[in-house]
Amino acid sequence: MHTDARTLEPNSLIEGDICIIGAGAAGISMALDWIGGPQKVILLEAGGFEYDEKIQQLNDGQSTGQKYYPLQSSRLRYFGGTTGHWAGLCTPFDDIDFAQRDYVPYSGWPIGRKDLDPFYHKAQLALQLGPFEYDLAYWKNSYPNFEPFPLDKNIIWNKMWQYSKARFGSLYKETLVQAKNVHLYTYANVVDIHATENIAAIKEVTIKDHEGKSHKVSAKYFVLACGTIQNTRLLLASNSQAKKGLGNNQDLVGRYFMEHLEIASAELWLLKPSNTGLYIRDYRVTQPSAELAITENEQRRQKILNGTVSLIPLALGRNQIPKMVTWQDTDPRKAQEITFSQGGEAIKKSAEENMGALSKAFQLNTRIEQAPNPNSRVTLGTDRDALGVQKASLHWQLTSLDKDSIRKIHELIGQQFGISGLGRVRLMEFLRDVKDPSWPMGTNGGWHHMGTTRMSDDPKTGVVDGNCKIHGISNLFVAGAACFSTAGAANPTLTLVALSLRLSDHLKKRLS
Ligand SMILES: Cc1cc2nc3c(=O)[nH]c(=O)nc-3n(C[C@H](O)[C@H](O)[C@H](O)COP(=O)(O)OP(=O)(O)OC[C@H]3O[C@@H](n4cnc5c(N)ncnc54)[C@H](O)[C@@H]3O)c2cc1C
């Protein structure tokens, strides 16, 4: 069922068993999981079915610290969420991503990869991916030309990726609108969360529109699925009862904001042309591809973060302008258009320049987790949005472990190419001086917002527990990458959908 919340009588009361706030990858995956059940599910979405400038502006916020994309254009605020224009690259987290590593401060999740595996299978379906198979050996059956570089397997392995074309807005609109027990409200911007007097449970949330009309929504369980930054903002801004914001007794909400660093880091020169079909991603088709990765043992030995390295033809890499430069418009559609058109220019120029070097020279691009850092954080700014809610302020901050790990990963890859006699690797300028702490202009994030309500069984070190429930509040949960304790090397959406489906399962058990 669907209702445009702008058509409701003022001060309406909406009631249900479970209230999911936000209809993006996390919220929609959860809502789909409840279709046909006995419970009444309320799905509240800030926007409509199409992009709306007035609604998008509610994502506006300030950014300090490491240069970042404008907050307004780094997330989409309408039905389907940011899957409306995501790139769709998916791969699961590795075992080591969940582990406590003594050289990575604040690492370790209270759950492990095996706890997520059953839900990864379901997440693959929601994201319309292939089978939950990420072994090169499996894919080699279908793609016999997939030829890995013959490098030492104790040090380097090939991490496989699949490619999703799922746009949740168009894909799942009809299913949800037709579902009898799921009540989708669009233009339902949640602006406040109200707890019981002792702040031990949530009673209701307030939704508001641009005309000033507001309504209340009550439920047995509430799930925040607004995306990492908006989840955090809502918790902090709901401060009429808990002065520091909900779930924030320990001053942890908003801390440990993490991104994936995607940085052009080195050049690979092969001594002779080689079959690189396994590694070169073709966005026009959905076939899987691989990135070079460092084995878990070697990561521990070198005390480095988890990261992968992708290959693109060098002529293309050299002509590309970093995303952090091209994606600076506050309108996400314009930011994307500028970035795409620059990408098109780079492809054209590189085709002209390349002249036969295509299969010999490559740019190596790192994709790496950043180490959890309490000073990398989201807080509330002083300005308010059109609905009266304080805007978010992001202070993105990196650490020396992040840069040292990028350098080490490329040194290891370079050594392996040298030993095997396949080629040579040349580090980019910013990595050459081990004492240089600076970051290059092309320090891109992947638009992957993670952390800020991190998971830990101990309320002193985390905001949510192993079931994504906010510590100290019996019926408030967070769905999405905000719960990640560490960021892994993998893009977040497959894992955040799996985690949301695990939460869904947990709530079903509680309700029954
Ligand atoms: C250009 C780009 C490329 C990307 N490529 C990849 C990729 O290749 N692989 C990958 O894994 N990830 C990628 N991502 C990240 C991916 O889009 C996110 O991880 C994913 O969409 C997060 O899902 P979510 O449900 O948590 O948040 P979102 O998808 O952002 O959904 C949040 C929803 O909550 C709603 N909402 C927000 N505030 C409120 C409120 N107060 N009240 C009610 N509703 C609210 C929003 O309108 C939105 O619909 C990319 C992102 C961008 C921008």
Side-chain angles (χ1 to χ4, degrees), residues 5 19-31 42-49 51-52 55-56 58-59 69-71 73-93 123 126-127 129 161-169 184-193 205-209 217 223-235 237-238 259-260 262 281 283 323 326-327 332-333 335-336 339-340 367 385 387 389 392 444-450 478-484 488 490-497 499-500:
C19 171
I20 302 170
I21 305 164
I28 289 182
S29 303
M30 284 190 75
I42 312 289
L43 178 57
L44 302 175
E45 168 50 43
F49 289 120
Y51 182 89
D52 180 331
I55 299 293
Q56 187 65 34
L58 299 173
N59 276 1
Y69 309 112
L71 295 195
S73 60
S74 70
R75 280 293 171 272
L76 290 178
R77 197 168 170 120
Y78 65 101
F79 182 76
T82 314
T83 66
H85 69 191
W86 73 317
L89 288 174
C90 294
T91 190
F93 274 30
L127 289 160
L129 294 160
W161 292 75
Q162 295 187 38
Y163 182 40
S164 164
K165 289 208 158 175
R167 302 265 178 258
F168 275 39
L184 164 67
Y185 290 84
T186 50
Y187 285 97
N189 275 281
V190 174
V191 293
D192 202 5
I193 308 172
V205 299
T206 303
I207 60 175
K208 198 169 170 186
D209 65 24
V217 183
V223 178
L224 287 174
C226 303
T228 292
I229 293 177
Q230 298 307 318
N231 284 341
T232 302
R233 178 183 172 203
L234 210 41
L235 286 171
S238 298
E259 250 284 11
H260 287 126
E262 298 183 359
R281 183 168 296 125
Y283 282 92
K323 296 179 298 201
T326 57
W327 194 289
R333 298 164 304 174
Q336 188 179 42
T339 303
F340 277 8
R367 182 198 311 276
D385 69 15
L387 303 183
V389 183
N444 303 308
W447 301 277
H448 303 158
H449 304 166
M450 298 167 285
V478 180
C483 300
F484 291 7
N491 287 8
T493 308
L494 177 62
T495 299
L496 77 84
V497 169
L499 197 58
S500 304

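The structure presented is a predicted model; accordingly, all values stated were derived computationally and were not measured. Remember, it's 1-based here, ligands and their atoms both numbered in the order they're listed.
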Between Y51 and Y78, how do the two ring planes meet: parallel, tilted or perpendicular, split at 30° and 60°?
perpendicular
I need the nearest protein heavy-atom contact for atom 27 (O) of ligand 1: residue, atom name and distance, please.
G227 CA, 3.7 Å
Can you see whether W161 has R367 sitting over its ring - NZ or CZ less than 6.0 Å from the centre and within 45° of the normal?
yes
Any side-chain heavy atom of Y163 sitting closer than 4.5 Å to one from L89?
yes
The option among N189, T83, L496 carrying the non-hydrogen atom nearest to atom 22 (C) of ligand 1 is L496
Please write down residue, atom name and distance for the protein heavy atom closest to atom 12 (N) of ligand 1.
T493 OG1, 2.9 Å
Which residue holds the protein heavy atom closest to atom 7 (C) of ligand 1, what is that atom called, and what is the gap in Å?
N491 ND2, 3.4 Å
If we ignore hydrogens and angles and just use 3.5 Å, is the side chain of R75 paired with the main-chain N or O of T82 as donor and acceptor?
no
Check: H260 side chain, G488 main-chain N or O, donor-acceptor pair, under 3.5 Å
yes
Side chain or backbone, does F79 bring an N or O within less than 3.5 Å of an N or O on ligand 1?
no
Looking only at heavy atoms of G88, does any of them come nearer than 4.0 Å to an atom of ligand 1?
yes
How far apart are the C-alpha atoms of F484 and F93, what are their side-chain angles, what is the distance that settles it, and do they pass the ring pair (Phe, Tyr, Trp, His ring centres under 6.0 Å) test?
CA-CA 11 Å; F484 291 7; F93 274 30; 5.3 Å; yes
Could you tell me which residues satisfy side chain to side chain donor-acceptor pair (under 3.5 Å) with S500, sequence neighbours excluded, listed by chain and number?
none
Could you tell me the residue and atom name of the protein heavy atom closest to atom 2 (C) of ligand 1, and the distance to it rounded to 0.1 Å?
W447 CE3, 3.5 Å
Of all protein heavy atoms, the one nearest atom 42 (N) of ligand 1 is V190 N, 3.1 Å
Note the single closest protein heavy atom to atom 14 (N) of ligand 1, along with its residue, its atom name and the distance in Å.
H448 CD2, 3.8 Å
The protein heavy atom nearest to atom 8 (O) of ligand 1 is L89 N, 2.9 Å
Which bit of R75 gets closer than 4.0 Å to ligand 1, counting heavy atoms only: side chain, backbone, both or neither?
side chain
Examine the proximity of ligand 1 to Y187 and report which part, side chain or backbone, both or neither, has a heavy atom under 4.0 Å away.
neither
Test log, rule ring pair (Phe, Tyr, Trp, His ring centres under 6.0 Å), inputs W86 and W447:
CA-CA 9 Å; W86 73 317; W447 301 277; over 10 Å; no
Salt-bridge criterion met for R233 and D385 (N-O under 4.0 Å):
yes
Those residues that, when tested against R77, pass salt bridge (Lys or Arg N to Asp or Glu O under 4.0 Å) (two or more places apart)
none
I want to check something: taking the side chain as every heavy atom from C-beta on, are V217 and L44 in contact at a cut-off of under 4.5 Å?
yes
Within the distance-only criterion (no hydrogens, no angle test), does the side chain of E45 pair as donor or acceptor with the backbone N or O of L184 below 3.5 angstrom?
no
Under 4.0 Å from ligand 1, counting heavy atoms only, is it the side chain of A225, its backbone, both or neither?
backbone
For ligand 1, is L76 a contact, meaning one of its heavy atoms is under 4.0 Å away?
yes
Taking only non-hydrogen atoms of G24 and a 4.0 Å limit, the atoms of ligand 1 in range are 25 (O), 29 (O), 31 (O), 33 (C), 49 (O)
Residue selection (non-hydrogen contact nearest atom 21 (O) of ligand 1) among T82, L234, T91, I20
T82
Would A482 count as a contact residue for ligand 1, given that I'm defining contact as a non-hydrogen atom of the residue lying under 4.0 Å from a ligand atom?
no
For atom 5 (N) of ligand 1, what's the nearest protein heavy atom and its distance?
A87 N, 3.0 Å
By number and element, which atoms of ligand 1 are closer than 4.0 Å to a non-hydrogen atom of W327?
1 (C)
Heavy-atom contact check, 4.0 Å cutoff: does A23 meet ligand 1?
yes
Any atoms of ligand 1 less than 4.0 Å from a non-hydrogen atom of A188? List them with their elements.
42 (N), 43 (C)
I need the atoms of ligand 1 closer than 4.0 Å to a non-hydrogen atom of Y78, numbered in the order shown.
47 (O), 49 (O)
